[in-house]
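First up is the structure itself, then whatever we jot down about it.
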Amino acid sequence: MQQLNELQTNTLAKIHQAQTLQDLEALRLDILGKSGALTALLKGLSTLSGEERSKQGAALNVVKQAIMDALTHKKEILESEALEQQLAKERIDVSLSPNPEEKGGIHPTNKTMEELIHLFLQMGFSVAEGPDIEDDFNNFTALNIPLDHPARQDHDTFYLKGEVNGNPGVLRTHTSPVQIRTMTTQKPPIRIISPGHAFRADYDMTHTPMFHQIEGLVIDRHIHMGHLKHTVLHFLRAYFGLENLSVRFRPSFFPFTEPSAEMDIQCDRSKGSLKLGEGTDWLEVGGGGMVHPNVLRNCGIDPAEYQGFAFGFGLERLTMLKHGIPDLRDFFEADTRWLKHYGFDTFDIPSALYAAKGDK
Ligand code: PHE
């Protein structure tokens, strides 16, 4: 009995002290394995007489149970400790900053272009495109700007060395040649917008040799200035997100429209900063008018039957005004700090836009 008590006490102490699962398993084998101490005692029972055997047997079972319980308990503790250690070793520290990867964004010009395309598609326009390299005829002559016309000088044209379609080649100075390309290949009714590059030899805070315009053209029966005014008012209010923005049509001159107007939006400069849609000042944003009968005739459209309006806006100008960007030149410097500041997250653009653009 004495021996059994000692065995129990010692074994429980050793179990308590075991440091690893291996130690514990070694202990278990020592006591309960095939040649373990307790196993030997249990085997010895067969040599005892009936009463002695059941007394000793009961005592042995109590000890065995106590040892097994202790082993199970200790095993759970060691296992959870091992798991903790493993987790600590394999832990990923999410608070550590990752290697900073430069993340791109949408350029403000592209953002404006997508927004305007979206707006005009909703109004029933489709997108038309033309090449950056134009011939002098589409860029000027067909638009009622003959060779000796002073308006040619205003455009600071980049002339190309070679000819295009048998005419002097130019980098298009505006998107208006797309009007000609559309009217010579499509029959009215026509309702297009044409976003794209324009080129002029000019460089300062508000002029760069390359910039973007968006052209609009509607040709149908009974079209008048009211349609132009409504269209421009609607798109400017929607683009700037200003429901009550006032738009002013100021009499002007373009060789390809008659009458012609320059379009201004309402603003307030009195408080030191520019505030759109308030106050009594005006800011020019684009030009437009009724398509000149000569232009219609040049494209084989009878001005007695069809009329139309056209307009052109500078995309960067609209962008600068909406987002408070002071210098046009920065748009094309490819400075990632500028792009990070003024660029847009890719998720900002409704995915529907891509589908809509592809439908054209
Ligand atoms: N093409 C003109 C420009 O670049 C803008 C314009 C377009 C004016 C259409 C009238 C009609 O200044």
Side-chain angles (χ1 to χ4, degrees), residues 109 113 116 120 125 127-132 134-146 149-158 170-183 190-202 206-220 223-233 235-236 247-265 283-296 298-299 301 303 306-318 328:
T109 302
M113 197 181 283
L116 293 185
F120 281 109
F125 285 73
V127 178
E129 281 172 315
D132 291 346
E134 261 296 0
D135 64 68
D136 173 273
F137 178 81
N138 283 338
N139 194 79
F140 292 124
T141 313
L143 285 161
N144 202 33
I145 318 177
H149 199 290
R152 287 202 183 217
Q153 265 77 63
D154 296 344
H155 276 212
D156 298 312
T157 311
F158 288 110
V170 298
L171 291 181
R172 67 176 182 188
T173 60
H174 49 179
T175 43
S176 300
V178 180
Q179 290 184 31
I180 305 302
R181 289 178 173 270
T182 306
M183 287 190 281
I190 290 169
R191 216 180 286 157
I192 55 127
I193 49 155
S194 176
H197 303 123
F199 303 85
R200 293 182 197 180
D202 210 352
T206 53
H207 297 89
T208 48
M210 189 282 292
F211 59 104
H212 297 80
Q213 288 188 333
I214 186 161
E215 189 87 9
L217 175 72
V218 170
I219 306 287
D220 205 343
I223 295 293
H224 54 72
M225 281 292 264
H227 295 122
L228 170 62
K229 204 160 180 187
H230 172 84
T231 305
V232 166
L233 185 67
F235 110 74
L236 287 174
V247 174
R248 181 174 76 171
F249 275 46
R250 193 163 28 82
S252 186
F253 174 79
F254 298 104
F256 34 91
T257 47
E258 182 59 36
S260 302
E262 257 156 339
M263 295 138 185
D264 305 334
I265 55 170
L283 249 171
E284 185 194 322
V285 286
M290 298 304 292
V291 179
H292 197 291
N294 287 350
V295 176
L296 293 173
N298 290 342
C299 298
I301 295 176
Y306 289 105
Q307 302 75 42
F309 68 74
F311 58 81
F313 285 82
L315 280 181
E316 281 82 14
R317 180 147 179 80
L318 292 175
L328 174 65

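Counting convention: from 1, in listed order, for ligands and their atoms alike.
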Please work out whether the ring planes of His149 and Phe253 are parallel, tilted or perpendicular, with thresholds of 30° and 60°.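 Plane angle under 30°, so parallel.
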Between His174 and Phe254, is the ring centre distance below 6.0 Å?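 Ring centres of Phe254 and His174 not closer than 6.0 Å.
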Measure from every N or O atom of ligand 1 to the protein's N or O atoms and keep only the pairs below 3.5 Å, writing each with atom names and distance to 0.1 Å.
{"residue": "ligand 1", "atom": "1 (N)", "partner": "His174", "partner atom": "ND1", "Å": "3.0"}
{"residue": "ligand 1", "atom": "1 (N)", "partner": "Ser176", "partner atom": "OG", "Å": "3.0"}
{"residue": "ligand 1", "atom": "4 (O)", "partner": "Arg200", "partner atom": "NH2", "Å": "2.9"}
{"residue": "ligand 1", "atom": "4 (O)", "partner": "Gln213", "partner atom": "NE2", "Å": "2.9"}

Pairing residues for Arg248 by the salt bridge (charged side-chain N to carboxylate O under 4.0 Å, His left out) criterion, not counting sequence neighbours: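 Salt bridge (charged side-chain N to carboxylate O under 4.0 Å, His left out) check on Arg248 returns Asp264.
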Mind checking what makes salt bridge (charged side-chain N to carboxylate O under 4.0 Å, His left out) contact with Glu284, not counting sequence neighbours?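 Expected list: Arg250.
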List the atom pairs, with distances to 0.1 Å, where a side-chain N or O of residues 191-199 and a protein N or O form a donor-acceptor pair under 3.5 Å, not counting sequence neighbours.
{"residue": "Ser194", "atom": "OG", "partner": "Ala128", "partner atom": "O", "Å": "3.0"}
{"residue": "His197", "atom": "ND1", "partner": "Asp132", "partner atom": "OD1", "Å": "3.3"}
{"residue": "His197", "atom": "ND1", "partner": "Asp132", "partner atom": "OD2", "Å": "2.9"}

Can you tell me which residue among Val295, Thr257, Val291 is in a side-chain contact (heavy atoms from CB on, under 4.5 Å) with Asn144?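 The single option meeting the side-chain contact (heavy atoms from CB on, under 4.5 Å) with Asn144 is Val295.
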